[in-house]
Peer 1: 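My questions will all concern the structure given below.
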There are 2 protein chains.
Amino acid sequence: MSGAYVHGYHAREHERLQDQAGTLVELLHSDTAYPAGSRVLEAGCGVGAQTVTLCRRSPDAHFTSIDHSPESIGEARRRADSAGLTNVELRQADIFAPPFATGSFDHVFVCFVLEHLARPVEALEILRDQLRPGGTITVIEGDHGSAYFHPDSPAAHDAIRCQVELQRAAGGDSLIGRQLFPLMIEAGIGSVRVSPRMVYVDSSRADLVEGFTRRTFTAMIEGVREQAIAAGLIEPGRFDAGVRALHRTTEADGVFCYTFFKGVGERSLGRSRSRGTGRPLVD
Amino acid sequence: MSGAYVHGYHAREHERLQDQAGTLVELLHSDTAYPAGSRVLEAGCGVGAQTVTLCRRSPDAHFTSIDHSPESIGEARRRADSAGLTNVELRQADIFAPPFATGSFDHVFVCFVLEHLARPVEALEILRDQLRPGGTITVIEGDHGSAYFHPDSPAAHDAIRCQVELQRAAGGDSLIGRQLFPLMIEAGIGSVRVSPRMVYVDSSRADLVEGFTRRTFTAMIEGVREQAIAAGLIEPGRFDAGVRALHRTTEADGVFCYTFFKGVGERSLGRSRSRGTGRPLVD
């Protein structure tokens, strides 16, 4: 991993990721289910926010979920245990140097990971090579440039921009959702199909007002306050005005929009595009 | 109508509206069909870009399509005739003073109209009163603030902003799509449900690259070039760079996103919220 994980590793962040997974399950996961007996690699599982959903939706598939952070893997393991999962192995490992033979998996699943990587195409190439020929890879990412709302607010956009700039300074890209198609193509993945998953929130959708606008998106922006101010990206008053404006969109006449992107492709049959540099692609 | 119709009335604009309707028919219309015998008011039909689709999808409903511009009605009539429509009456009339008794219609349909109005809530109130109690109103609008793309380009956003500012100067609102829910609620429309209709375009979707990114959205932005420069909103070089950047998103690694919003509500049974000012709400 290049740079720090901008969202941090605090208890509140765990809660946010859990909220996010809970609210968005249908939107993001409803068309992902793996056949009985298939071997699935979840790359970058973090604290396991998606793992429980993934494993429950495909109870007869065998999951291997990896993350580079031992602390995250520990938390993911506790979560899997308390959910009673029996079809997942959790393991500390680096996406850029997975400890498995090439072609070990039927499917790969990557969710909210590429946004943090300085070399997302390399990651995708390596993950593609973890697939048997014909195996599929599913990638889900958000895109913070997809956030717009009513009432509109320049301060809110400035606060969001802080998150985007911090992510960029950490080597990542918060605007990656819209780029999934070209990134997957560049990584030599075949039959790529990307579909947007738009979260539209007005006050008739109380679950999303609370679960998405407040506790997922706005909480994430609030979470970078100290970093953003310390980095000189924004004045405290401006940041706080932006956060207030985001909360304002949760009132009766407010609207909030955000889009996730989900890409699915496959390792083409008989095709190999392993990189020829001869050096291990560790990070 | 307040101010000028910012898109203009030229032949190219007619073509653009036709392209837009052709490409987006399924996305916008697939869930709109009216029962046999029902009376439908299409308010602000313009040159009839939606009229042919509407009437064909509900061949046994009776449509009345109005527009304030006699020229547009003339063009819409020619189009309806050449499509062989027999279930539509085209008529010059003002949305703010419709020449029909209240409660005359079972359904109202309004598409790409509110964005041009200085008083969209009043328009909705008047249209609501054209409905029998329990009748439905369907509203479709775009939102130019929903446009984002890859590669990203500040110049492209500046060029888009010119269209937004010209629309605003003409009394309209190019960011109206996201506001449909609160506007319809404010107009006293009941059971409002808004759904986004996102157009996602990557190079695997050749029809949309050509039909939407190039010939609908970018053509619309290009169409305000002279006005924007004359109004001092932008330097010619900057505008042209923005348009080039929009075309750039149609290349193999480019992506373009835009969202329409569709709201459906009804005139509540036995409820009347006619405005009590006592004066006719003509424009």
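Below, chains carry the letters A, B, ... as their sequence lines are ordered, and counting in each starts from 1. Hydrogens, waters and symmetry mates play no part in the numbers below; they use all other heavy atoms, side chains included.
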Peer 1: On a heavy-atom basis, which atom in B:P182 and which in A:V255 lie closest, and how many Å separate them?
Peer 2: CD-CG2, 3.8 Å
Peer 1: What residue in A:A147, A:S146, A:P151, A:C257 has the most heavy-atom pairs under 4.5 Å with chain B?
Peer 2: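 The answer is A:S146.
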Peer 1: So A:T259 and B:Y148, do their side chains get closer than 4.5 Å, heavy atoms only?
Peer 2: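 They are in contact (side-chain heavy atoms under 4.5 Å apart), so the answer is yes.
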Peer 1: How long is the span from the CZ atom in B:R178 to the CZ atom in A:F256, to the nearest 0.5 Å?
Peer 2: 11.0 Å
Peer 1: Which answer fits B:L175, side chain, backbone, both or neither, if we ask what part of it has an atom under 4.5 Å from a heavy atom of chain A?
Peer 2: side chain
Peer 1: Could you tell me which of B:L180, B:V194, B:D253, B:D143 has the largest number of non-hydrogen atom pairs under 4.5 Å with chain A?
Peer 2: B:V194
Peer 1: Is it the backbone or the side chain of B:F149 that comes under 4.5 Å from a heavy atom of chain A, or both, or neither?
Peer 2: backbone
Peer 1: Of the backbone (N, CA, C, O) and the side chain (C-beta and beyond), which part of A:A252 lies under 4.5 Å from a heavy atom of chain B, both, or neither?
Peer 2: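 Only the backbone of A:A252 comes within 4.5 Å of chain B.
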Peer 1: Enter the distance from A:R197:CZ to B:M198:CE here, rounded to the nearest 0.5 Å.
Peer 2: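 Here the rounded value is 11.5 Å.
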Peer 1: For residues B:Y200 and A:S195, determine if any side-chain heavy atom of one lies less than 4.5 Å from a side-chain heavy atom of the other.
Peer 2: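 No; the side chains remain at least 4.5 Å from each other.
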Peer 1: Inspect the surroundings of CD in B:E251 and state if more than 12 heavy atoms from other residues, nucleotides or ligands are less than 6.0 Å away.
Peer 2: yes
Peer 1: With a 4.5 angstrom heavy-atom cut-off, is it the side chain or the backbone of A:L183 that approaches chain B, or both, or neither?
Peer 2: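 Contact with chain B is absent: no heavy atom of A:L183 under 4.5 Å.
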